[in-house]
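Please read the structure below before turning to the comments.
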Amino acid sequence: MRTLPLPLIVAALLSGCSQTPNPTPTPEDSGVPQQDSGLPPDDAGIPPDDAGVPPEEPLPTGPPVPQGPPNVPEFDPAFPGQTRVPAIQTQTPLQVTEIASGFRNPWAIAFLPDERMLVTEKPTGSLYIVTPQGAKSPAVAGLPAVDGRGQGGLLDVEVGPDYAQSQLIYWTYAEPRQGGNGLAVARAKLVDGEQPRVEDVQVIFRMMPTLESTLHSGGRLVFTPDGKLFVTLGERSILAGRVQAQDVKSHFGKVVRINPDGSVPQDNPYVNDPEAKPEIWSVGHRNILSAALDSQHRLWTVEMGPRGGDELNRPEAGKDYGWPTIGYGEEYSGAPIHESPRAPGMEQPVYYWDPVISPSGMTIYTGNLFPEWRNNVFIGGLSSQALVRLMMRNDRVVGEEHLLKDQGARIREVVQGPDGALYLLTDATNGKLLKVTPR
């Protein structure tokens, strides 16, 4: 559902830091209500701001998207354009159409080959098949039980790359376990019909260790053209999990990469380290709920910050993205987490938000309905109640727009459909499936 294009980049690294030992408990979705100056070093790999941009396409200028003051004003960006880039405006008039409603806090969309959609319902653990006209099937039978408390439940869903032959679908969920819970990835054969069901369910990955927490499960799935599967994982928020985010003996706060059967690719960065979990791709993440591939098949993610510090990253093999040692936010109590937003050996985000947008869901637009959006990044905004659009040049964010503010909705998921429209889910007890097209 998120294998779409774009070029982007990861930037500079600078000096040292630490962490606050007692994190404030994390509210649902990174602070969202429950209701529902200096130049980088020469070798930082950051191109000049106008590199590669044709003269007829000048970079946006002007003030940023209206927002409140930063929570941590003493932290300056590592390079120009790392935050608060100029605001841009879509020229095409938009039409928002409600396809279906009545979902209880829906979480993810995946398109079947016939353009029907799989839609997950987080707290109930229910999966539905929805037609383009909005007709909803009975809940798909046969899925395993979920721990639906807090940020757990049934999360992402993807259609297997070989679905035409195998009918396999994949999903993530908070698995109830002895002593707690943990994110799991399962796959099964989808049997269509008046009462759809899944057969031959296999759990192909389990986040370890088991921990009792209802927070920060992560859970996005991204298939790559070479048949690998990325899974994004949170660090469970509580201190016992947070301190493991940079520990390669734990899955917490990681991106992992597996084969579709759950086995470990032999070119993973830690596969020859006997002390490490061999599935690990990158470390030092907080809670990744947004992920997509660009046109070069590189993985991009947007992760939840605390109060401040949502991040756009391009996770590369074996690299450390800093949490909880560095970052651009603070505890919900206002207490500091980081001494500095930079440290040697730790990656800088391509872009960050302070205050936060509370990101969930991500796609990179490649369709023909909106030529002006091509290669732009779209992110669902929960606390920001917006569809966040990022204009990119040479792996840098150069423009930002917050669309659909008039909907007054927490946007949980955004997917490009086969027709070139954007499909969204709103996070509410009466969640909606929306379609965005030109008016």
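What you see is a predicted model; the values in this text were computed from it and never measured. Computed over heavy atoms, backbone and side chain alike; hydrogens, waters and symmetry mates excluded.
- Distance alone, capped at 3.5 Å, is enough to place a donor-acceptor pair between the D156 side chain and the L221 backbone.
- Looking at heavy atoms from C-beta onward, I288 lies out of side-chain contact with V302 at the 4.5 angstrom threshold.
- Without hydrogens or angle criteria, E303 side chain to R286 main chain gives a donor-acceptor distance under 3.5 Å.
- The backbone N or O of G219 lies less than 3.5 Å from a partner atom in the side chain of T172, making a donor-acceptor pair.
- Using a 4.5 Å heavy-atom threshold, the side chains of M304 and P359 count as touching.
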What do the steps show when you test L424 against F378 for side chain to side chain contact (heavy atoms under 4.5 Å, CB included), and what is the final call? CA-CA 11 Å; L424 317 176; F378 288 85; over 6 Å; no

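- When side chains are defined from C-beta on, P315 does not count as touching W300, because their heavy atoms never get closer than 4.5 Å.
- In summary, the side chains of T90 and R389 do present a donor paired with an acceptor at a separation below 3.5 Å, with no hydrogens or angles considered.
- Put simply, the side chain of E199 never gets that close to the backbone of A188: no donor and acceptor are under 3.5 Å apart.
- Side chains of R236 and N181: a donor-acceptor N/O pair is present below 3.5 angstrom, by distance only.
- Taking the six-membered ring where the residue is Trp, W373 and F370 present parallel rings, their angle staying beneath 30° rather than reaching 60°.
- A parallel orientation is assigned to the rings of H285 and Y321, their planes being inclined by less than 30° (bins at 30° and 60°).
- For the atom pair CG of L118 and OG of S137, the computed distance is 8.5 Å after rounding to the nearest 0.5 Å.
- S166 places none of its side-chain heavy atoms less than 4.5 Å from the side chain of K189.
- Between K435 and E115 no salt bridge is recorded (no basic side-chain N to carboxylate O distance below 4.0 Å).
- Between P269 and I280, every side-chain heavy-atom pair lies at or beyond the 4.5 Å cut-off.
- For the pair Y351/E400, a side-chain contact is recorded, criterion being any heavy-atom separation below 4.5 Å from C-beta on.
- The ring-ring contact (aromatic ring centres under 6.0 Å, His included) test applied to Y270 returns no partner, not counting sequence neighbours.
- In the model, H216 has no side-chain atom that pairs as donor or acceptor with a side-chain atom of S213 under 3.5 Å.
- Interatomic distance, T301 OG1 to L289 CG, rounded to the nearest 0.5 Å: 10.5 Å.
- Note that CG of L434 and OH of Y423 are 11.5 Å apart. Values are rounded to the nearest 0.5 Å.
- Between R206 and E175, at least one side-chain nitrogen of the basic residue sits less than 4.0 Å from a carboxylate oxygen of the acidic one, meeting the salt-bridge criterion.
- Using a cutoff of 4.0 Å between basic side-chain nitrogens and carboxylate oxygens, R220 and E413 are scored as salt-bridged.
- For residues 349-378, the set of pairs meeting the salt bridge (Lys or Arg N to Asp or Glu O under 4.0 Å) definition, not counting sequence neighbours, is empty.
- Between the side chain of T124 and the backbone N or O of S126, at least one donor-acceptor pair lies under 3.5 Å.
- Of all heavy-atom pairs between A78 and Y328, the closest is N-OH, 3.6 Å.
- Here R314 contributes atom CZ and S282 contributes atom OG; the two are 11.5 Å apart, rounded to the nearest 0.5 Å.
- Residues satisfying the ring-ring contact (aromatic ring centres under 6.0 Å, His included) criterion with F230, sequence neighbours excluded, are W281.
- Counting only distance, with no hydrogens or angles, the side chain of Q246 and the backbone of V243 share no donor-acceptor pair below 3.5 Å.
- Under the rule for a side chain to side chain donor-acceptor pair (under 3.5 Å), Q407 has no partner lying at least two apart in sequence or in another chain.
- Between I411 and L387, the closest heavy-atom pair is CD1-N, 3.6 Å.
- Formation of a donor-acceptor pair under 3.5 Å by the N268 side chain with backbone atoms of P278 is found in this model.
- For the pair L155/T120, no side-chain contact is recorded, criterion being any heavy-atom separation below 4.5 Å from C-beta on.
- There is no side-chain donor-acceptor pair under 3.5 Å between Q244 and E235.
- Minimum interatomic distance between I129 and P196 (heavy atoms only, all atoms of both residues): CD1-CB, 3.9 Å.
- Between R104 and E121 there is no salt bridge, since none of the side-chain N atoms of the basic residue sits less than 4.0 Å from a carboxylate O of the acidic one.
- Between K254 and D320 there is no salt bridge, since none of the side-chain N atoms of the basic residue sits less than 4.0 Å from a carboxylate O of the acidic one.
- Residues passing the ring-ring contact (aromatic ring centres under 6.0 Å, His included) test with F103, sequence neighbours excluded: none.
- Note that CD1 of I379 and OG of S360 are 11.0 Å apart. Values are rounded to the nearest 0.5 Å.
- R307 and Y332 are not linked by any side-chain donor-acceptor pair at a separation below 3.5 angstrom, with hydrogens and angles left out of the test.
- Residue-environment remark: NZ (K277) exceeds the threshold of 12 foreign heavy atoms within 6.0 Å.
- Between F205 and H251, the ring centre distance stays below 6.0 Å.
- For the atom pair CG (D114) and CG (L112), the distance works out to 5.5 Å, reported to the nearest 0.5 Å.
- With K228 contributing its side chain and P260 its backbone, the two residues share no donor-acceptor pair below 3.5 Å.
- The backbone N or O of G193 sits nowhere less than 3.5 Å from a side-chain atom of Q195 that would complete a donor-acceptor pair.
- Looking only at side-chain heavy atoms (C-beta outward), N259 and P265 come within less than 4.5 Å of each other.
- If you run side chain to side chain contact (heavy atoms under 4.5 Å, CB included) between Y365 and each of L422, V377, N375, only L422 comes through.
- A donor-acceptor contact closer than 3.5 angstrom is absent between the side chains of D294 and Q296.
- Here the side chain of H297 pairs no donor or acceptor atom with the backbone of P225 at under 3.5 angstrom.
- Q416 and T366 are linked by a side-chain donor-acceptor pair at a separation below 3.5 angstrom, with hydrogens and angles left out of the test.
- Side-chain atoms of T131 and R116 form no donor-acceptor pair, as typed in the model, at a separation below 3.5 Å.
- The two residues V203 and A184 have their closest heavy-atom pair at CG1-CB, 4.2 Å.
- The shortest non-hydrogen separation linking M391 to N376 is CA-ND2, 3.9 Å.
- The heavy-atom pair separating K432 from S101 by the smallest distance is CG-CB, 3.9 Å.
- Considering only residues two or more places apart in sequence or on other chains, S384 meets the side chain to side chain donor-acceptor pair (under 3.5 Å) condition with none of them.
- The residues R257 and D267 are annotated as salt-bridged, a charged nitrogen and a carboxylate oxygen being separated by less than 4.0 angstrom.
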